Chemist: 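This is the structure I have questions about; it appears just below.
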Amino acid sequence: MEKYILLLILGWSVLVIVSLSWNYHVTRLNNIEKARIVARSFYDLTIEFRRWGSLHGGVYVPVTDTMQPNPYLTVAERDITTTTGKKLTLINPAWMTRQVFELIGKHSSLPIISHLTSLKYINPVNLPDAWEEKTLKEFERGLKEQSSETVIHDEPYMRLMRPFKTEQACLKCHGHQGYKVGDVRGGISISVPLRPHFEAEAREQKALLLSHVFLWFIGTGGIMLFSRNIQRQQRQLIESEEKYRVLFESNPHPMWVYDLETLRFLTVNDAAVEHYGYSKDEFLAMTIKDIRPAEDISPLLENVSRITTGIDKAGVWRHRKKDGTLIHVEITSHVVDFGGRRGEIVLVNDVTNSMKLEEQLRQAQKMESVGLLAGGVAHDFNNVLTAIIGYGNLLQMKMEKTDPLRSYAENIMTTAQRAAQLTQSLLTFSRKQIINPVPIELNSIILRVEKLLKRLIREDIELITRLVPADMTVMADSVQVEQVLMNLVTNARDSMPRGGTLTISTAIVELNEDSIASHGYGKPGMYVRLSISDTGAGMDEQTRKRIFEPFFTTKEMGKGTGLGLASVYGLIKQHQGFIDVESEQGRGTSFHVYFPALKHGTAKEEVPAEEILKGGTETLLVAEDDEIIRNLTSSILREFGYTVIVAKDGNDAVSVFQENRDRIGLLLFDVIMPRKSGKDAYEEIRTIKPDIKVLFISGYSADMISKEGILEKGLSFVSKPVSPSELLRKVREVLDRQE
């Protein structure tokens with residue numbers, strides 16, 4: 001850059017010197033021309049003097065010692081005497097002109113020299129010198145003017161000579177020489193001093209020098225300032241390019257520039273190479289069409305044709321990696337000039353995982369909405385089933401074993417139990433079923449139910465268990481885990497109508513951030529994985545996405561409720577776990593269930609003690625807002641010897657208790673009642689009788705019971721639908737409990 005600056009300054013200096021030299025030359029020419037103009041002016045003045053004298057035939061002047069008659073003038077009446085006796089002599093135009101210039105030479109500050117000359121001179125004073133003689137000859141050949149610089153008496157002069165021609169008045173004195181009108185008779189040379197003009201020229205040249213020096217400094221300063229700005233701009237450009245290169249190359253998102261005319265890749269960053277699997281050379285040999293599915297090329301070309309300027313947010317597109325994988329990407333681009341080519345720089349944001357997560361979120365929200373609906377339906381259905389099961393049990397108790405109507409009652413009870421199981425499935429799916437998780441060893445549960453599972457499947461299906469010999473302790477409800485196993489095994493059995501292999505396996509796995517991001521579920525940590533794999537028909541992608549939806553089934557009408565896998569999904573979520581399914585048509589299905597692993601956990605299972613159903617004689621206060629359930633409960637308890645006092649809501653229960661506080665030994669309260677909940681009524685009664693015993697009952701979901709704080713405070717609870725035997729056992733258990 002410094003080299004170019006020096007060249008610019010040198011060029012500017014040469015230009016200023018050339019300009020100064022030219023102006024010096026022009027100044028010299030102008031001043032010479034000014035002297036020439038002065039000489040012409042004096043020539044014109046001389047000619048007019050001569051013309052005036054010729055027109056008047058000359059001028060008579062007195063004869064004095066200094067003014068004697070002209071011996072070279074041979075005209076008549078050259079000398080005359082006036083009537084007064086005064087002598088006069090004739091002064092011809094040439095003599096008059098010579099005298100005028102003599103006066104000018106004596107009195108003027110500008111010593112101009114004039115000389116009248118001719119090739120046919122009469123007076124020797126008019127003898128031409130060599131320059132004048134040559135010029136006079138040129139005049140005869142048509143030359144109009146001759147001028148040149150010369151030195152006279154060591155002073156510079158501008159010497160100019162013009163011809164004068166013979167006029168009629170001139171023939172009086174020179175006719176005898178053979179001249180005719182119009183002939184060149186001679187010339188007059190005028191010499192003008194050049195020193196004043198040279199002095200003016202020196203002043204002008206000094207001003208020119210100063211102005212050019214000033215101009216040179218201004219120009220040089222401008223060049224320096226311009227070059228400094230250029231250098232600053234170049235530095236900024238280099239810095240900008242460096243920043244661009246760093247941003248482009250180090251950007252974690254794939255970026256590239258492509259030619260808008262040919263669509264070829266012009267450059268790509270390392271992130272694009274890593275993300276797409278192509279090398280840079282492979283990219284540069286391709287066009288942007290080569291990474292698009294065939295069906296997306298037409299919309300791509302249409303979008304490219306609409307590109308103008310500014311930022312273009314092209315939205316979400318599909319790209320194909322080198323290995324054939326299709327990904328969804330958001331494209332943001334901007335038109336740029338790249339090495340003289342009109343291109344577009346593109347920033348790619350892979351949104352495949354986020355779209356998957358959004359889809360999973362929508363699916364989870366849909367499942368949650370259905371779960372809320374299922375929980376509400378289950379509550380209402382539980383009340384109905386409680387009445388059916390309760391009265392059915394009472395009916396069975398009143399009938400003899402040989403009663404022909406007993407089979408009808410049994411069918412009613414069987415159907416009611418199936419309905420109760422359906423309700424439990426709804427609660428399980430909605431993750432609102434009450435569970436009792438304890439540390440259990442997963443392998444031991446699988447081994448315990450293995451014989452039962454073999455009876456569930458057919459003989460043409462081989463059951464294989466591959467259990468990792470390690471501590472597989474998890475926090476779970478063993479009954480619910482067994483239900484998960486049975487549901488998944490049953491589902492696998494139904495997918496293999498022609499037989500196959502069913503494999504149950506366990507493993508200890510760790511879910512890290514990468515695996516969570518790829519699968520879209522889970523939290524980092526150690527998990528116990530339970531896998532149930534079959535060699536059945538498998539599922540397509542659409543079926544796989546909907547497999548956990550409630551009431552969705554691929555089975556024939558009447559052969560499935562569509563709640564099996566939905567309830568499994570709910571149970572796993574309720575255990576803080578995750579479930580995933582892998583399937584491909586014709587290649588089977590694998591369900592993977594992840595339970596959070598317990599470190600050094602001691603597995604245990606509670607085995608309920610064998611209890612004997614019996615009644616009692618205590619007085620019980622039953623508070624239930626549903627009249628049918630209230631009457632049923634009262635009938636069952638009275639049937640087994642208890643004295644029952646009833647209340648229709650919480651406020652009524654408190655009022656009734658105050659009237660019978662000494663008689664009542666147990667409160668049997670519905671949890672959710674109008675005006676005052678069972679829990680609030682119990683708390684108010686405790687202020688009256690602190691040691692009062694209570695048993696809560698409800699058909700609501702577990703989260704509602706948790707809100708009331710029933711389970712958290714260790715209060716006794718039984719959920720609807722409840723059979724008379726279960727109700728009697730629970731009542732007896734609470735009454736016999738030692739506080």
Side-chain angles (χ1 to χ4, degrees), residues 5-49 97 100-117 128-136 138-139 141-164 187-227:
I5 295 173
L6 291 174
L7 287 175
L8 279 174
I9 294 175
L10 179 61
W12 172 246
S13 301
V14 170
L15 183 63
V16 170
I17 292 172
V18 169
S19 173
L20 182 63
S21 301
W22 172 253
N23 279 278
Y24 273 13
H25 176 69
V26 170
T27 301
R28 167 58 62 92
L29 292 178
N30 287 340
N31 281 282
I32 293 297
E33 183 62 25
K34 288 176 183 177
R36 193 176 286 116
I37 290 171
V38 171
R40 287 180 187 135
S41 298
F42 274 94
Y43 172 83
D44 291 339
L45 179 64
T46 300
I47 289 297
E48 294 304 321
F49 271 125
T97 302
V100 169
F101 271 94
E102 286 177 357
L103 290 173
I104 291 173
K106 291 178 181 179
H107 302 289
S108 173
S109 60
L110 191 65
I112 297 175
I113 300 173
S114 174
H115 184 228
L116 177 66
T117 185
D129 59 22
W131 183 83
E132 290 174 333
E133 182 180 359
K134 181 180 178 182
T135 301
L136 288 172
E138 293 292 333
F139 286 162
R141 288 194 289 269
L143 184 67
K144 302 298 182 182
E145 181 183 282
Q146 181 73 288
S147 64
S148 66
E149 294 181 52
T150 187
V151 176
I152 301 176
H153 306 305
D154 297 326
E155 289 291 327
Y157 275 82
M158 164 54 66
R159 191 177 193 185
L160 181 141
M161 187 173 181
R162 279 185 172 182
F164 61 87
I188 300 175
S189 67
I190 306 294
S191 298
V192 178
L194 287 176
R195 183 170 297 282
H197 295 282
F198 286 166
E199 290 174 353
E201 177 186 336
R203 290 192 296 273
E204 291 177 8
Q205 288 180 343
K206 182 179 180 181
L208 283 172
L209 177 63
L210 292 175
S211 65
H212 276 70
V213 169
F214 180 70
L215 186 63
W216 182 86
F217 276 110
I218 291 178
T220 302
I223 291 173
M224 296 294 291
L225 181 62
F226 173 76
S227 62

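In this text, all values refer to a predicted model and were calculated from it rather than measured experimentally. No hydrogens, no waters, no symmetry mates; every other heavy atom, side chains included, goes into these values.
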Chemist: Mark yes or no for whether S13, through its side chain, and I9, through its backbone, hold a donor-acceptor pair below 3.5 Å.
Modeler: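 At least one qualifying donor-acceptor pair exists.
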Chemist: Nearest 0.5 angstrom please: L15 CG to L215 CG, how far?
Modeler: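 Result: 8.5 Å between the selected atoms.
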Chemist: Looking at every non-hydrogen atom in both residues, tell me the closest pair between W131 and S148 and how far apart they are.
Modeler: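 Heavy atoms of W131 and S148 come nearest at NE1-OG, 3.5 Å.
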Chemist: To the nearest 0.5 angstrom, please state how far the OG1 atom of T135 sits from the CD atom of E145.
Modeler: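 Result: 10.5 Å between the selected atoms.
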Chemist: Given side chains that start at C-beta, do those of L160 and V192 come closer than 4.5 Å, heavy atoms only?
Modeler: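 Not in contact.
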Chemist: Look up atom CD1 in I152 and atom CD in E155, then write down how far apart they are to the nearest 0.5 Å.
Modeler: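 These two atoms lie 10.0 Å from each other.
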Chemist: Can you check whether I32 reaches L194 side chain to side chain, under 4.5 Å on heavy atoms?
Modeler: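 Of all side-chain heavy-atom pairs linking L194 with I32, at least one is under 4.5 Å.
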Chemist: Over all heavy atoms of both residues, which pair between I223 and I5 is shortest? Give the atoms and the distance, please.
Modeler: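 Distance-wise, the nearest heavy atoms are CG2-O, 4.4 Å.
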Chemist: Considering all heavy atoms of both residues, which atom of P193 and which atom of P111 are nearest to each other, and what is their separation?
Modeler: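 For P193 and P111, the tightest heavy-atom pair comes out as CG-O, 3.3 Å.
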Chemist: Is the backbone of M224 close enough, under 3.5 Å, to the side chain of S227 for a donor and an acceptor to pair up by distance?
Modeler: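 Checking the backbone N and O of M224 against the side chain of S227, a donor-acceptor pair under 3.5 Å is found.
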Chemist: Taking the side chain as C-beta and beyond, is there a heavy-atom pair between E149 and M158 under 4.5 Å?
Modeler: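 The answer is yes; the side chains approach within 4.5 Å.
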Chemist: Looking only at non-hydrogen atoms, find the nearest pair between G187 and F164 and report the distance.
Modeler: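 Smallest heavy-atom distance, with atoms named: N-CE2, 3.3 Å.
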Chemist: How long is the straight-line distance from CD1 of I47 back to CD1 of I188, given to the nearest 0.5 Å?
Modeler: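 The distance works out to 4.0 Å.
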Chemist: Considering non-hydrogen atoms only, spot the tightest contact between R195 and P156 and give its length.
Modeler: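 Reported closest heavy-atom pair: NH2-CD, 4.0 Å.
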Chemist: Output the distance between atom CD1 (I37) and atom CG (N31), rounded to the nearest 0.5 Å.
Modeler: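 Taking CD1 in I37 and CG in N31, the distance rounds to 10.5 Å.
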Chemist: What closest approach, in Å, do V16 and H212 show between heavy atoms, and which atom pair accounts for it?
Modeler: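 Looks like O-CD2, 3.4 Å.
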Chemist: Under a 4.5 Å cut-off applied to non-hydrogen side-chain atoms, are I190 and I113 in contact?
Modeler: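 SC-SC contact between I190 and I113 ruled out.
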Chemist: So, taking the atom named CG in L6 and the one named CG in L10, what distance separates them when rounded to the nearest 0.5 Å?
Modeler: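 Reported to 0.5 Å precision, the distance equals 8.5 Å.
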Chemist: Before accepting this row, confirm whether a basic side-chain N of the pair D129/R159 lies closer than 4.0 Å to the acidic partner's carboxylate O.
Modeler: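 Counted as a salt bridge, because a side-chain N and a carboxylate O are separated by less than 4.0 Å.
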Chemist: Heavy atoms, side chains only, cut-off 4.5 Å: are S114 and F42 in contact?
Modeler: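 No - every pair of side-chain heavy atoms lies 4.5 Å or more apart.
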Chemist: Evaluate the side-chain proximity of Y24 to L208: yes if any heavy-atom separation is below 4.5 Å, no if none is.
Modeler: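 Answer yes - side chains close enough.
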Chemist: Tell me whether the guanidinium CZ or amine NZ of R28 lies under 6.0 angstrom from the six-membered ring centre of F198 and within 45° of its axis.
Modeler: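 Yes; both conditions hold, so R28 lies above the ring face of F198.
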Chemist: Run the side chain to side chain contact (heavy atoms under 4.5 Å, CB included) check on K134 and Q146 step by step: do they pass?
Modeler: CA-CA 10 Å; K134 181 180 178 182; Q146 181 73 288; over 6 Å; no
Chemist: Can you list everything that forms a side chain to side chain donor-acceptor pair (under 3.5 Å) with E204? Sequence neighbours excluded, please.
Modeler: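 Checked E204 against side chain to side chain donor-acceptor pair (under 3.5 Å); zero matches.
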Chemist: Report the C-alpha distance between E132 and S189 in whole Å, list the side-chain angles of each, state the deciding distance to 0.1 Å, and finish with yes or no for side chain to side chain donor-acceptor pair (under 3.5 Å).
Modeler: CA-CA 8 Å; E132 290 174 333; S189 67; 2.9 Å; yes
Chemist: Would you say H115 and M161 make side-chain contact, with heavy atoms under 4.5 Å?
Modeler: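 No, too far: nothing below the 4.5 Å cut-off.
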Chemist: Decide, yes or no, whether a salt bridge links E33 with R40 under the criterion of side-chain N to carboxylate O below 4.0 Å.
Modeler: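 Looking at E33 and R40, the cut-off is met.
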Chemist: Taking side-chain contact (heavy atoms from CB on, under 4.5 Å) as the test, write out the residues that go with W22, two or more places apart.
Modeler: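 Counting only residues at least two positions away or on another chain, W22 forms a side-chain contact (heavy atoms from CB on, under 4.5 Å) with H25, V26.
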Chemist: Short question: side chain of Y43, backbone of V38 - any donor-acceptor pair under 3.5 Å?
Modeler: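 Here the side-chain-to-backbone pair does not exist.
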Chemist: Apply side chain to side chain donor-acceptor pair (under 3.5 Å) to W12 and list each qualifying residue two or more places apart in sequence or on a separate chain.
Modeler: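 Not a single residue meets the side chain to side chain donor-acceptor pair (under 3.5 Å) criterion with W12.
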